[in-house]
Amino acid sequence: MDALGWDRCDVIIVTGDAYVDHPSFGMAIIGRVLEAQGYRVGIIAQPDWHSRADFEALGEPRLFFGVTGGNMDSMVNRYTSDRRVRSDDAYTPGGQGGRRPDRCVIVYSQRVREAYRQVPIVIGGIEASLRRIAHFDYWSEQVRRSVLVDAKADLLVFGNAERQIVEIAQRLDAGTPVALITDLRGTAFVRREIPAGWIEIDSTELDAPGALNPPIDPYASEAERKQTLSAPAPSAAPPDGNAVRENVVKFFRKVPNARRETSVIRLPAFDSVNQDAVLYAHASRILHLESNPGNARALVQRHGSVDVWLNPPPIPLSTADMDAVYELPYARRPHPAYGNAKIPAYHMIRFSVAIQRGCFGGCTFCSITEHEGRIIQSRSEDSVIREIETIRDQVPGFTGVISDLGGPTANMYRLHCKSTAIESACRRPSCVFPGICPNLNTDHAPLIQLYRRARSLKGVKKVLIASGVRYDLAIESPEYVKELATHHTGGYLKIAPEAIGEGPLSKMMKPGVGTYYKFKELFDKYSREAGKEQYLVPYFIAAHPGTRDQDMLELALWLKKNGFRADQVQAFLPSPMATATAMYHSGKNPLRRITRASEEVVIPKGIKVRRLHKAFLRYHDPENWPILRDALKRMGRADLIGNGKHHLIPAYQPIAASRALARNTGGRPSAAKRSAGSLRFRTQHTGLPKSGKGARNR
């Protein structure tokens with residue numbers, strides 16, 4: 001600040017990540033976007049949260065503090081799906097763990113408030129975005145309030161925040177009190193009551209969840225049970241006891257289109273969803289139905305004596321807007337203060353280029369759609385090429401290989417609905433499930449052209465595709481699969497079937513295994529034509545809602561038949577606000593209308609079940625054989641225990657494995673094999689390494 005001649009910052013961003021000035025890091029984008037508007041921006045990265053000293057390092061900002069957990073949710077970042085503490089953090093110098101607190105958006109906001117009580121606080125990023133309403137918290141196994149309430153922030157920005165954050169800065173700069181900034185899309189705030197002239201819509205008119213009877217005590221007498229059943233149902237009204245306002249109306253029948261912009265849907269109050277898991281599933285379903293920027297209405301949810309108000313999602317950025325954001329003057333490297341310390345996340349993405357945002361896949365376990373939306377926002381071809389040239393000319397260590405050209409998915413670039421009218425009216429959670437929507441443009445020609453132009457650049461030797469390929473879309477364009485296999489695969493291509501059984505697939509909103517086989521056939525064909533020995537590396541999720549033990553057994557047999565051996569496995573982690581998390585908590589399926597009698601979902605809960613499902617994925621690991629033997633006997637499949645090729649696991653137990661089991665408390669897998677990170681495989685196919693450093697790295 002002294003070198004720049006600044007007496008103070010206009011905006012200070014507090015982040016849980018190390019500061020890397022690269023467009024893959026949210027705080028860098030927001031900082032550069034504000035800078036481009038003429039604001040002086042300071043960044044406090046990974047402050048010591050035990051006191052307010054670090055939060056006072058840059059003084060008091062003129063406009064506001066922006067608080068974010070960083071590129072990852074702080075709880076996901078710190079804990080595995082088995083709630084074990086991770087030893088490392090990819091967004092910290094040296095990969096050191098423990099440099100951010102749990103739920104750091106709340107903690108950071110508290111320290112900011114202690115230091116500067118009157119300065120507005122705006123929270124955002126993935127952690128705040130996915131906690132904007134009452135949400136199930138997997139780590140405490142309870143429903144928590146909106147993070148806006150717990151952080152005592154003034155505004156919450158959800159989704160991609162460029163437009164909102166600039167508008168907030170401009171309004172505060174013009175003297176508008178932060179409490180009056182209530183009309184911005186993609187923001188949430190607290191208010192005491194519904195403004196005059198607004199129409200409230202009771203969300204239970206959209207999906208009637210049925211009578212709200214209290215749970216029955218299994219130890220109660222017959223008389224007590226009858227008394228419980230005959231008791232009046234608890235009210236879903238706000239917890240202060242007030243009845244729902246008289247202007248609450250039924251869905252669409254009495255709300256003319258002209259009044260949609262001044263109508264708000266009231267979700268069940270926090271106290272109600274906290275006490276009733278079916279109401280929680282109902283609220284989750286309504287939230288996801290109201291996620292299309294073209295037709296979404298505002299939502300409101302009572303928290304104690306106040307309402308948390310959510311404006312509709314932000315309008316997607318245009319191609320010109322996307323180009324402007326990604327071509328700001330990023331240094332494209334970590335801050336010099338870190339010296340030679342390696343930041344693993346930066347080293348993974350420093351030679352990658354984001355070409356799009358958003359995802360219309362709608363996978364229920366994924367947070368991309370909830371955060372970035374399902375409308376694809378694409379950059380122009382020229383902008384992407386200019387960024388590749390910048391990497392080639394300016395980023396230290398570039399060897400000619402672009403490590404990734406993609407985004408949330410590899411092949412949704414410029415894919416969109418054929419009709420803007422249909423798109424703005426659509427409420428489908430996915431454009432590709434249960435099948436590809438006939439209104440979806442699946443033309444991969446622009447992406448193919450981008451690939452060809454990128455790899456023809458002088459100084460570029462190879463352009464790899466590391467983002468997940470949506471293979472059900474890829475088979476719509478065999479030319480794209482040919483391009484991918486011939487020029488953009490480095491021996492292995494990662495794809496994500498996630499499961500092979502109809503039970504879990506239907507709850508994930510993923511295509512059937514037949515689609516995988518179609519893609520594999522094309523990929524293998526074009527790999528052979530190119531004279532390359534290349535293999536697909538499929539990812540799978542254990543213990544996802546809808547998964548039975550039988551489903552995991554079938555998957556284990558499929559893996560063995562196809563010669564796959566998972567080095568690490570991924571167990572389902574119920575992230576806040578995801579549809580699959582609502583399934584996990586409620587046992588209901590929010591993909592359909594929620595009632596008391598609606599579809600029940602099988603939920604693999606508890607450490608024993610989750611451990612068994614992970615063991616099926618690692619059927620080849622001797623440490624898992626005892627638990628699998630017990631399970632196979634219980635399931636009536638002892639015929640799969642033996643020493644033949646047709647058996648899943650052997651009848652004997654190696655001495656070394658027995659000793660390893662004894663060393664791990666309760667027979668748990670060793671720490672090296674408990675990781676909930678991405679799925680990696682060793683394969684039995686000829687020509688691939690079965691062990692050694694090369695296999696482990698892959």
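Treat the numbers as computed from the prediction; the structure is a model and nothing was measured.
A donor-acceptor pair under 3.5 Å is absent between the side-chain atoms of Gln356 and the main chain of Gln377, judged by distance alone. Between the side chain of Glu290 and the main chain of Arg297, a donor-acceptor pair closer than 3.5 Å is present. Side chain of Arg428 to main chain of Phe433: a donor-acceptor pair is present (N/O by atom type, distance under 3.5 Å, no hydrogens or angles). Put simply, the side chain of Thr364 gets close to the backbone of Lys507: a donor and an acceptor are under 3.5 Å apart. For the pair Arg427 (side chain) and Leu289 (backbone), a donor-acceptor distance under 3.5 Å is present. Checking side-chain atoms of Gln46 against main-chain N and O of Gly16 turns up a donor-acceptor pair under 3.5 Å. At least one donor-acceptor pair closer than 3.5 Å links the side chain of Tyr280 to the backbone N or O of Phe136. Side chain of Thr369 to main chain of Gly373: no donor-acceptor pair is present (N/O by atom type, distance under 3.5 Å, no hydrogens or angles). Side chain of Asp89 to main chain of Gly95: no donor-acceptor pair is present (N/O by atom type, distance under 3.5 Å, no hydrogens or angles).
For Glu141, the salt bridge (Lys or Arg N to Asp or Glu O under 4.0 Å) partners two or more places apart in sequence, or in a different chain, are Arg83. Among residues two or more places apart in sequence or in another chain, the salt bridge (Lys or Arg N to Asp or Glu O under 4.0 Å) test is passed with Arg285 by Asp207.
A donor atom on one side chain and an acceptor atom on the other are not found under 3.5 Å apart for Thr547 and His613. With hydrogens and angles left out, the side-chain atoms of Asn77 and Ser74 include no donor and acceptor closer than 3.5 Å. A donor atom on one side chain and an acceptor atom on the other are not found under 3.5 Å apart for Thr68 and Glu127. Inspection of the Thr515 and Asp472 side chains reveals no N or O donor paired with an N or O acceptor under 3.5 Å.
Both tests hold for Lys605 against Tyr584: distance to the six-membered ring centre under 6.0 Å, angle to the ring axis within 45°. A cation-pi contact, defined as under 6.0 Å to the ring centre and within 45° of the axis, links Arg191 to Trp309.
Arg100 and Asp17 are joined by a salt bridge, as a carboxylate oxygen and a charged side-chain nitrogen come within less than 4.0 angstrom of each other. Looking at Glu502 and Lys510, no side-chain N of the basic residue comes within less than 4.0 Å of a carboxylate O on the acidic one, giving no salt bridge. Ionic pairing of Glu200 and Arg302 is not present here: no N-O contact between side-chain nitrogen and carboxylate oxygen is shorter than 4.0 angstrom. The residues Asp137 and Arg103 are annotated as salt-bridged, a charged nitrogen and a carboxylate oxygen being separated by less than 4.0 angstrom. Ion pairing between a basic and an acidic side chain is recognised when a charged N comes within 4.0 Å of a carboxylate O; Arg144 and Asp150 show such pairing. With salt bridges taken as basic N to acidic carboxylate O contacts below 4.0 Å, none links Glu599 and Lys588. Using a 4.0 Å cut-off between a side-chain N of Lys or Arg and a carboxylate O of Asp or Glu, Asp276 and Arg596 qualify as a salt bridge.
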Do Asp307 and Arg266 pass the salt bridge (Lys or Arg N to Asp or Glu O under 4.0 Å) test, and can you show the C-alpha distance, the side-chain angles, and the key distance before you say yes or no?
-> CA-CA 10 Å; Asp307 282 335; Arg266 179 170 289 282; 3.1 Å; yes

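In summary, the aromatic rings of Phe158 and His371 are positioned with their centroids too far apart to meet the 6.0 Å limit. A centroid separation of 6.0 Å or more is found between the aromatic rings of Trp558 and Phe616.
Residues Asn292 and Ile375 are in side-chain contact: their nearest non-hydrogen atoms beyond the backbone lie under 4.5 Å apart. Within the 4.5 Å cutoff, no side-chain heavy atoms of Leu155 are placed close to those of Ile123. In this structure the side chain of Ser598 never reaches within 4.5 angstrom of the side chain of Arg593, judged on heavy atoms.
Sorted pairs that involve residues 360-374 and meet salt bridge (Lys or Arg N to Asp or Glu O under 4.0 Å), not counting sequence neighbours, are lacking altogether.
When each of Asp73, Asp88, Asp102 is tested with Arg78 by the rule salt bridge (charged side-chain N to carboxylate O under 4.0 Å, His left out), just one qualifies, namely Asp102.
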